[in-house]
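Protein chains get the first letters and strands the later ones, always in sequence-line order, with residue 1 at the start of each.
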There are 2 protein chains.
Amino acid sequence: MVESEPAALDSVFRALGDATRRRMLQDLAAGERTVGDLAAPAAMSLAAASRHIQALGRAGLIHREVRGRTHWCRLAPGPLASAHRWLAFYEGFWTGRLDVLERLLREEEAMRNRTPKGDEG
Amino acid sequence: MVESEPAALDSVFRALGDATRRRMLQDLAAGERTVGDLAAPAAMSLAAASRHIQALGRAGLIHREVRGRTHWCRLAPGPLASAHRWLAFYEGFWTGRLDVLERLLREEEAMRNRTPKGDEG
DNA sequence: TTCTGATTCAACCATGTAGTTGAATATCGG
DNA sequence: CCGATATTCAACTACATGGTTGAATCAGAA
């Protein structure tokens with residue numbers, strides 16, 4: 001599991017760490033939305049919502065296009081896919097499919113030449 | 001896409017939004033580790049690393065067990081799986097498999113009775 | 001008990017984040 | 001031009017986060 005651009009993952013996961021922004025992404029999954037559309041359900045000022053949208057943009061999670069006086073946003077799924085891939089690394093843990101992972105990990109265990117559990121006394 | 005416990009997802013994604021903590025999770029994927037083990041490669045004081053580990057614990061991403069004077073940590077993959085599932089909702093976007101998603105979204109579109117793109121000109 | 005090791009806690013500082021309000025910018029339409 | 005609409009910017013406040021250092025806690029060993 002090599003992280004190609006940790007800073008990028010930082011901003012993606014951090015952007016996802018807020019329910020308002022996740023809700024906006026879900027709205028965007030249904031199609032293009034304007035800033036006003038995204039802000040409307042968000043129990044906060046337009047300016048605050050605008051900054052959430054900017055955070056999504058900085059993380060690369062959305063693209064914007066200005067048409068006239070309205071800014072249209074749409075989902076840019078690439079970074080979401082990166083986050084998904086990062087998490088997929090752990091899939092073996094929660095699905096019980098540990099076989100592949102185990103081989104991988106035993107190698108690293110051997111390299112470290114350490115017994116994390118077997119010999120504690 | 002219903003969020004059962006938004007606050008839980010908040011803490012999970014936020015915990016993942018830091019390269020140090022992600023590295024710790026990767027270490028833990030290789031087996032149990034002590035606080036000291038996890039802190040060692042982390043170019044920061046032990047106290048700071050300890051707080052990162054506490055953040056992982058608060059997010060439910062790791063479990064700890066005190067054996068003697070050392071605290072052993074292991075991966076608790078459940079919340080990672082939740083995050084993964086949340087992201088999986090968007091899989092259609094980055095794999096191009098939009099058929100399933102589209103049906104789903106059209107329904108929501110209809111409910112909102114709005115034309116986000118089809119009638120802009 | 002005393003020394004050492006593993007980990008946390010407390011106090012502190014700097015920075016980031018999330019919200020507010022009010023002004024600024026830019027576009028559409030009369 | 002003028003007024004309304006869409007969005008952002010700036011200044012401010014409050015709180016969270018991430019790091020530091022030094023003291024505290026608690027277990028093991030001499």
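- Of the side-chain N and O atoms in A:Ser50, one or more sit less than 4.0 angstrom from OP1 or OP2 of D:dT8.
- B:Arg51 pairs by the side chain to side chain contact (heavy atoms under 4.5 Å, CB included) definition with B:Gln54, not counting sequence neighbours.
- Between the CG atom of B:Asp37 and the C1' atom of C:dT7 there is a distance of 13 Å, rounded to whole Å.
- As rounded to whole Å, 12 Å separates atom P of D:dT7 from atom CD1 of A:Ile62.
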Verdict with reasoning, A:Phe13 to B:Arg14, per side-chain contact (heavy atoms from CB on, under 4.5 Å): CA-CA 6 Å; A:Phe13 278 126; B:Arg14 250 184 269 214; over 6 Å; no

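- The CD atom of B:Glu65 sits 18 Å away from the P atom of C:dA6 (whole-angstrom rounding).
- Between the side chain of B:Arg21 and the main chain of B:Ala15, a donor-acceptor pair closer than 3.5 Å is present.
- Residue pairs satisfying the ring-ring contact (aromatic ring centres under 6.0 Å, His included) criterion with at least one member in residues 40-65 of chain A, sequence neighbours excluded, are absent.
- The shortest heavy-atom contact between A:Ala49 and A:Ala39 is CB-CB, 3.4 Å.
- Scanning all heavy atoms of the two residues, the minimum distance from B:Pro41 to B:Asp27 falls at CG-OD2, 4.3 Å.
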B/S/- contact track for nucleotides 15-30 of chain C, protein heavy atom under 4.0 Å: ---BBBB-----BB--

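- Between the P atom of D:dG18 and the CZ atom of B:Arg23 lies a distance of 15 Å, rounded to the nearest Å.
- A:Leu56 has its CG atom 15 Å from the P atom of D:dT7, to the nearest Å.
- One finds no side-chain N or O of A:Gln54 lying less than 4.0 angstrom from the OP1 or OP2 phosphate oxygen of D:dT7.
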